[in-house]
Structures are given as structure tokens and as C-alpha cells.
Colleague: 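There's a structure below that I have some questions on.
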2 protein chains.
Amino acid sequence: MGPKYSSSRENYLKAIFHLQEIHGTVTTNHVAGELQTRPASVTDMLKKLKAQKLLLYEKYKGFKLNTEGRKVALQIIRKHRLWEFFLVEKLHFRWDEVHEIAEELEHISSKKLIDRLDEFLGFPKTDPHGDPIPDSQGRWTLTHQVDLLNLPVNQVAEVSSIGDQSAEILELLNHKHIALGTRLEVKKKFAFDNSLEIKIKNQSVTISEHVAKNVFVKYDE
Amino acid sequence: MGPKYSSSRENYLKAIFHLQEIHGTVTTNHVAGELQTRPASVTDMLKKLKAQKLLLYEKYKGFKLNTEGRKVALQIIRKHRLWEFFLVEKLHFRWDEVHEIAEELEHISSKKLIDRLDEFLGFPKTDPHGDPIPDSQGRWTLTHQVDLLNLPVNQVAEVSSIGDQSAEILELLNHKHIALGTRLEVKKKFAFDNSLEIKIKNQSVTISEHVAKNVFVKYDE
DNA sequence: AATAAATTTTAGACAAATCTAAAAAATAAA
DNA sequence: TTTATTTTTTAGATTTGTCTAAAATTTATT
Ligand SMILES: [Mn+2]
Ligand SMILES: [Mn+2]
Ligand SMILES: [Mn+2]
Ligand SMILES: [Mn+2]
């Protein structure tokens, strides 16, 4: 069948979708930053996506994905996260190594391939970073989670996802033995710099506010 | 790191490699036919591959891959065949469904990915069509094989690879229960049209000369 | 050897995706 | 509410890969 949209267009759709989720509204500069490109290139692409009926766009007035654009974006995200899961679970990559490779694999076009892969992996619900994997209809189940700053002291909880997913933070978490599924509790909060002392497997670890904001956990009640 | 060569260039290198293997020498028209493109486009690309030092080319005089071009082509072939093996063995695709998908997957650039995949699959020696899979140094072991026309009558042999790999022939072979590893023997050769009567699992099957030429087998002695 | 046919290459065009530099519009500051 | 700053868009190029039509070259046929 061949790909329906170019890799470049798919990357734009995905970026816009993510920025929309986080900030509600998206700007040309925002997208340029995310995709390491120039604002002028973004404008060029916005016109093309509009012409392709994937985006609502009026110049100088802003833009957002329409239903079709959102649908396409969700399928790319599904592919990205399923491949990440495959790389970690089957090929034993570390969670901080998989993003770049999935960035390429997500553009493989076969629908049958991705559904077979999903099945082969046992229909996983979340990727190695704890992010939900949309099903083939683009639906996902979101679990209630809070960041570490908002976790009550002495409440045992389980790490469920990571906000910032740069190689840098993943490396830091790796070093401190914080991974998805890790059980931990906050023992002390320091008002001075909002740093936290947390307990992991009977070991005491200190993390900064910046890190705490990016570690999400879930717990009962 | 990103891909070293574009998908398009990789496809040209692979096509030239294959045509070189089969016909010894390759022509512009040949490549155009193989890649479903125009002779003029091929000439354009030959210049680019020459400039990139992957090809020896003098206009009107012919062309062939140099050492580097051959090396790159072999790595693409390695990826193509490993992915095909994955699709059949792990995702349960049929052997006549995998080529198109592998045609995309072969361009994923990560070397580490492909070596991990190789390991995950148990370092297979041949792909689902019986073609040898080059190792990461580009070496492969070729097994001695003959086509069915040259198999002595009453000699039990095992199907080891298929020449023409169009969906059409694979469908026909599927129907007649001829697959890689199938044990068979030629019972009768008809001089009139060079058709053959062969025995497969105690069943008698007739195949044309055209098919027989494309089914390769190996046998002891 | 001269002519015809086939093959290959060039010339010039086009679409996609990107860029720089400059212009236009929107937003913030004085 | 002017003026200054920032953001966004346009104008015009560039690169990559493709195409058609025409020209150049090679190969085959008389
Ligand atoms: Mn991508
Ligand atoms: Mn992820
Ligand atoms: Mn390919
Ligand atoms: Mn194959």
C-alpha cells in the first residue's frame, strides 16, 4: 500500500498532538523547537497539513489538529510505543536507548504488522516509560497518577510514568535505581529547595524538585 | 545518528547487487525495470552513487558496485532477510506476505537494533525464502543447490530456496504444499514440455518447467 | 558500410521539504 | 497610544528524487 503520509508530516502531527496535550494551545515556535527546525519551515508545513485536511489553521490566528489529524497522530503514537515496548522487552534495550529507534520504526506503514506486533507482545497497556499505548481504535486507558511532589509522606507508591523523557533524566533515574514499577515512599520533604528524601528498597535517596516533578506514581486509595 | 544513505539510494544499491549476481552485468534498463522507474532516473542516480564513491560508472560504458557499494548492499540485504525471518517466525506471517513490509523495515538505520534482532532470532542462516542471511561482516555461507530440472529422478531432496519470488509463484507453491524444507523427489520428466511429476508426502503433483526452474533443492552426495 | 532500432544520457521541469533574509502582523513596553 | 520587541509569514533558494521529450551513442539489420 505504501505510506499514506510522509514521515515528515507524521512527525509534525505527532509533535502538534503532544504539545496540544501539554499546553492546550500550540505555537509555530513551539513546534519548531520540538522538531529542531525553523519557524518558516513549520509555517510551510502547516499549509500543507491544512490542504490535506488534517489541521485547522488560519494564518496568524493559530492552529490545531482536527479529528482526522488527531486520529493519525494517535496511530503514530501507538506504533512508537509498541516498538519501544518490543525493543525493551524482547531485544533487551534499556528504556533510555529506545526513543531514537522508535522514532524511525513508527513510520513503517503496515497496519497488519502493528496489529500482529501488538498481539505478539501480549497487548501491552503502557510503554517502557509508562505512557499509555492507544489501541487500534486510538483509545487508551488513563490511570490516575500524581507526581512525587504531590505524593503524601509515608505513602507507598509505584512509579508509573516519567514526564521529561530526555536521555539525561533517564540516565539519572537509572543511576538511582528508579524505574517503572519501582516501589517507593517519600520520607521527608525539605521546604528550603523542595528536594525530597525517598526510600527505595530500604535505601535512602535524595532527589531534586526538578526530578520529582517528572516522576509520576500511582497508589491505592 | 540517522541513516547514512537515503532509502532510495539503498534500494538502488540492492537492486544493482542482485542484478549483478544474476546476470553478471547490469544495464540502465535493467535497473529501471527492477525498481519500476524510468531509465533517465536511473542515470541520474548512477551519477549520484558514483559521486558518493559507491559505484564505478563511465557513461555509455556500463557500471558496477565497488567494494564499498557491495558492502552497503549486503547490509541492506541482511536487514531485509532478518526482518522477513522475524515476520514469519515471530509474527506468523506467510512467506508470500513479508517482502513488501521488509522492503520498508530494511531502511531502519540502527546497527545495534539489527544485531540484537539477529541474536533474538537465534542467528538464522536463511530467510523464509531460503536465501542466505549475511552476517554482520557481510559474509554468508552458500549451500550447494540445484533446480528441480537438474535433480536426478528418484533422488529425495529438500526444498532450499526459491528463485523468482513474486507473490504469484509463492501462491502457486503454497497451493501445492511446496515450502522450504519440504522433502520431495522427481518421479517422471516429460520431454514434450519439460514438465515434471514429483512426489510430496506420498502425493503426486505436476509442475511446469517454468516453476521447476525456480525451485531449488539440496540433497546429500 | 549505411541505415534502422534500441539504449542511454541530457535538458529542462516539478514536487517535497527544508533554509535564510526580509516583510507583515501581533504582542509587550514605554 | 505610540514605539519596540517578538512572532509569524512570505519570497526566493537549495537539495533530493523523480519525470518527459529530445539528443547522443551504441548495437543490430539490411
Ligand atoms: Mn519519527
Ligand atoms: Mn515512550
Ligand atoms: Mn526498500
Ligand atoms: Mn526473502
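Every value quoted in this text rests on a predicted model; they were computed, and no experiment measured them.
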Colleague: Taking the side chain of B:Lys47 as its heavy atoms from C-beta onward, which of D:dG17, C:dT10, D:dT8 lies nearest to it?
Modeller: C:dT10

Colleague: Think A:Arg38 has a side-chain N or O under 4.0 angstrom from the OP1 or OP2 of C:dT20?
Modeller: yes

Colleague: Classify the nucleic acid contact of A:Ser41 as base, sugar-phosphate or nothing, counting any heavy atom under 4.0 Å across all strands shown.
Modeller: base

Colleague: Under 30°, 30 to 60°, or over 60°: which ring-plane class applies to B:Trp140 and B:Phe17, parallel, tilted or perpendicular?
Modeller: perpendicular

Colleague: Of the listed nucleotides (D:dT18, C:dT9, C:dT18), which one gets closest to any side-chain atom of B:Pro39?
Modeller: C:dT9

Colleague: Just to be sure I understand the rule, does B:Thr43 reach a base, reach only the sugar-phosphate, or reach nothing, if contact means heavy atoms closer than 4.0 Å?
Modeller: base

Colleague: Which one of A:Leu117, A:Val88, A:Ile101 satisfies the side-chain contact (heavy atoms from CB on, under 4.5 Å) criterion with A:Trp83?
Modeller: A:Leu117

Colleague: Report the nucleotide, chosen from C:dA16, D:dT10, D:dT20, that has the shortest atom-to-atom distance to any side-chain atom of B:Ala40.
Modeller: D:dT20

Colleague: Side-chain contact test, heavy atoms from C-beta onward, threshold under 4.5 Å: evaluate it for A:Glu97 versus A:Leu87 and give yes or no.
Modeller: no

Colleague: Has B:His129 got a side-chain atom pairing as donor or acceptor with B:Trp95's backbone, closer than 3.5 angstrom?
Modeller: yes

Colleague: Taking the minimum atom-to-atom distance to the side chain of B:Tyr60, which one of C:dT8, D:dT18, C:dT20 wins?
Modeller: C:dT8

Colleague: Figure out the NZ/C1' separation between B:Lys61 and D:dT25, and round it to whole Å.
Modeller: 10 Å

Colleague: Let me know which of B:Asp135, B:Asp115, B:Asp127 forms a salt bridge (Lys or Arg N to Asp or Glu O under 4.0 Å) with B:Arg78.
Modeller: B:Asp115

Colleague: Using whole Å, what does the distance between atom P of nucleotide D:dG17 and atom CG of B:Leu46 come to?
Modeller: 13 Å

Colleague: Looking at every strand, decide which applies to B:Thr28 at a 4.0 Å heavy-atom threshold: base, sugar-phosphate, or nothing.
Modeller: sugar-phosphate

Colleague: The side chain of B:Ser8 lies closest to which of these nucleotides: D:dG17, D:dT7, C:dT20?
Modeller: D:dG17

Colleague: When we call it a touch if two heavy atoms are under 4.0 Å apart, what does B:Tyr57 touch: a base, just sugar-phosphate, or nothing?
Modeller: sugar-phosphate

Colleague: Which nucleotide in the list C:dT18, C:dA26, D:dT18 gets nearest to the side chain of B:Tyr12?
Modeller: D:dT18

Colleague: Rounded to whole angstrom units, what separation is found between the NE2 atom of B:His107 and the C1' atom of D:dG17?
Modeller: 14 Å

Colleague: Does A:Thr37 or B:Lys59 map to a spot on DNA chain C nearer the 5' end, using the closest nucleotide for each?
Modeller: B:Lys59

Colleague: To the nearest Å, how far apart are B:Met45 CE and D:dC19 C1'?
Modeller: 14 Å

